Q: 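Attaching a single structure in structure tokens format; questions to follow.
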Amino acid sequence: MDNPVIVAIDGPSGTGKSSTSKAVAAKLGLSYLDTGAQYRAITWWMLANGIDVDDPAAVADCAGKPSIVSGTDPLDPQISVDGVDVTTPIRSQQVTAAVSAVSAVPQVRARMVETQRAAAATAAAGIVVEGRDIGTTVLPDATAKIFLTASAEVRAARRSTELKGAVSLAATQEALIRRDAADSGRKTSPLAKADDAIEVDTSELTLDQVVDRVVALVEERRATVR
Ligand SMILES: Nc1ncnc2c1ncn2[C@@H]1O[C@H](COP(=O)(O)OP(=O)(O)OP(=O)(O)O)[C@@H](O)[C@H]1O
Ligand SMILES: Nc1ccn([C@H]2C[C@H](O)[C@@H](COP(=O)(O)O)O2)c(=O)n1
């Protein structure tokens with residue numbers, strides 16, 4: 001039997017990690033884990049419980065309290081906190097604005113990384129894991145590591161379309177750049193491309209083209225490690 005294939009997909013906000021990862025996992029018959037959703041879920045819990053997200057000590061004290069359960073079906077990725085389905089509320093502007101601060105706290109990261117490694121270790125056929133530090137920290141021995149990029153203009157335009165113009169293009173771009181700076185600048189496992197990751201610039205590619213390219217890269221890597 002083939003070894004489970006582990007695919008790490010990292011990159012800044014809005015580069016297409018989630019869309020690509022879900023489609024690649026579905027095509028290859030693999031599980032899927034959205035680690036950003038996990039950081040959003042713990043952030044949602046902190047906000048719901050009145051924790052000051054700008055106080056790292058307060059966040060660290062509570063890091064072990066919520067029980068977070070992530071689904072790994074690429075066709076229906078769900079996430080719950082203490083039994084509450086938070087798949088939709090974790091996408092709110094309030095959570096988006098607070099998630100970089102919460103995810104910079106080492107105690108939060110330690111807990112999430114443990115659950116992420118456990119999910120990868122128990123995925124029978126293999127898994128596509130997306131985030132910011134998967135190739136560098138969480139799964140450094142992944143079969144294939146992909147780092148997605150796209151220009152800030154393209155990423156903001158994509159998000160703006162998704163938000164149906166509810167927020168201005170300029171404000172969307174500014175928020176993306178601010179979040180990337182916070183995620184790249186934190187001390188503990190910042191957003192970074194692993195030395196052995198393959199960079200795919202998605203600016204000029206359709207989603208289908210990105211998915212085909214990533215599937216081909218995974219198949220190539222799989223063939224060399226078989
Ligand atoms: N290659 C592409 N061409 C056009 N639109 C795309 C492409 N890839 C993704 N999109 C769209 O861009 C938006 C952002 O994509 P997605 O949520 O997959 O990015 P992400 O990197 O996971 O973002 P985040 O890190 O903020 O969660 C979505 O609306 C998605 O449909
Ligand atoms: N491996 C990860 C994944 C995500 N984060 C943080 C940083 C992001 O701004 C935030 C939300 O992620 P998104 O849903 O936009 O992919 O979560 C991280 O630190 N490490």
Side-chain angles (χ1 to χ4, degrees), residues 8-25 32-44 46 53 68 70 74 77 79 86-87 89-106 108-117 119-120 128-139 142 145-165 172-173 175-192 194 200-214:
I9 300 194
D10 292 299
S13 305
T15 49
K17 297 182 300 297
S18 296
S19 319
T20 304
S21 300
K22 281 186 274 191
V24 168
Y32 160 71
L33 183 65
D34 178 353
T35 65
Q38 296 181 312
Y39 288 102
R40 286 173 179 273
I42 195 164
T43 302
W44 176 89
M46 297 280 167
V53 295
I68 297 172
S70 305
I79 186 156
V86 293
T87 310
I90 60 167
R91 304 289 158 193
S92 71
Q93 291 298 320
Q94 206 193 0
V95 171
T96 301
V99 66
S100 291
V102 172
S103 61
V105 175
V108 169
R109 299 205 73 78
R111 189 172 169 221
M112 294 300 144
V113 170
E114 195 183 323
T115 65
Q116 292 157 9
R117 288 181 178 151
V128 180
V129 184
E130 59 138 316
R132 303 291 191 290
D133 61 338
I134 310 305
T136 54
T137 303
V138 180
L139 301 166
K145 298 183 188 178
I146 315 290
F147 194 81
L148 297 184
T149 61
S151 71
E153 290 76 14
V154 165
R155 294 189 284 133
R158 288 175 183 169
R159 270 282 177 252
S160 203
T161 306
E162 188 182 294
L163 298 171
K164 298 190 174 74
T172 303
Q173 187 167 326
L176 277 176
I177 291 170
R178 206 178 322 118
R179 190 145 64 94
D180 287 348
D183 295 340
S184 309
R186 66 170 176 246
K187 280 207 181 100
T188 311
S189 58
L191 158 67
V200 177
D201 185 341
T202 72
S203 306
E204 305 290 329
L205 301 176
T206 65
L207 178 57
D208 282 349
Q209 288 172 323
V210 180
V211 171
D212 287 349
R213 192 166 293 186
V214 172

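Note that this is a predicted model, so its numbers are computed, not measured. All ligand and atom numbering here is 1-based and tracks the order in the structure. What's counted below: heavy atoms across the whole structure, side chains too, no hydrogens, waters or symmetry copies.
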Q: Need the ligand 1 atom indices (1-based, order shown) with element for anything under 4.0 Å from a heavy-atom of Ser18.
A: 18 (O), 20 (P), 22 (O)
Q: Where the closest heavy atom to atom 3 (N) of ligand 1 is concerned, which of Val99, Leu205, Thr202 has it?
A: Leu205
Q: At the 4.0 Å heavy-atom cut-off, does Ser13 count as touching ligand 2?
A: no
Q: In ligand 1, which numbered atoms sit nearer than 4.0 Å to a non-hydrogen atom of Arg179?
A: 26 (O)
Q: Nearest to atom 13 (C) of ligand 1, what protein heavy atom do you find, and at what distance?
A: Glu162 OE1, 3.4 Å
Q: I'd like to know if Asp34 pairs up with Arg40 as an ion pair, taking the criterion as any Lys NZ or Arg NE/NH1/NH2 lying under 4.0 Å from an Asp or Glu carboxylate oxygen.
A: no
Q: Which ligand 1 atoms, with their elements, are less than 4.0 angstrom from a heavy-atom of Arg132?
A: 25 (O)
Q: For ligand 2, which atoms sit closer than 4.0 Å to a heavy atom of Ser103?
A: 6 (C), 7 (C), 19 (O)
Q: Asp183 versus ligand 2: do any nitrogen or oxygen atoms come within less than 3.5 Å of each other?
A: yes
Q: Using a strict threshold of under 4.0 Å (side-chain N to carboxylate O), is an ion pair present between Glu114 and Arg111?
A: no
Q: Heavy-atom pairs closer than 4.0 Å: do any link ligand 2 to the side chain of Arg178, the backbone, both, or neither?
A: neither
Q: Side chain or backbone, does Arg109 bring an N or O within less than 3.5 Å of an N or O on ligand 2?
A: yes
Q: Do any nitrogen or oxygen atoms of Asp34 come within less than 3.5 Å of a nitrogen or oxygen of ligand 2?
A: no
Q: Answer with yes or no whether Arg186 contacts ligand 2, where contact means a heavy atom under 4.0 Å from a ligand atom.
A: yes
Q: Indicate, as side chain, backbone, both or neither, the part of Thr20 found under 4.0 angstrom from ligand 1 when only non-hydrogen atoms are considered.
A: neither
Q: Test Arg155 against every option in Thr202, Asp180, Thr172, Thr149 by the side chain to side chain donor-acceptor pair (under 3.5 Å) rule and name the one that passes.
A: Asp180
Q: Under 4.0 Å from a heavy atom of Tyr39: which atoms of ligand 2 are those, numbered in the order shown and with their elements?
A: 1 (N), 2 (C), 3 (C), 4 (C), 5 (N), 17 (O), 18 (C), 20 (N)
Q: Near Asp133, which atoms of ligand 2 are under 4.0 Å from a heavy atom of that residue?
A: 1 (N), 2 (C), 20 (N)
Q: Quick one: look at Arg159 and ligand 1, take heavy-atom pairs under 4.0 Å, and tell me if it's side chain, backbone, both or neither.
A: side chain
Q: Among all protein non-hydrogen atoms, which one is nearest to atom 19 (O) of ligand 1, and what is the separation to 0.1 Å?
A: Gly16 N, 3.1 Å
Q: Of the listed options (Arg155, Arg158, Arg40), which comes nearest to atom 4 (C) of ligand 1 when hydrogens are ignored and any heavy atom counts?
A: Arg158
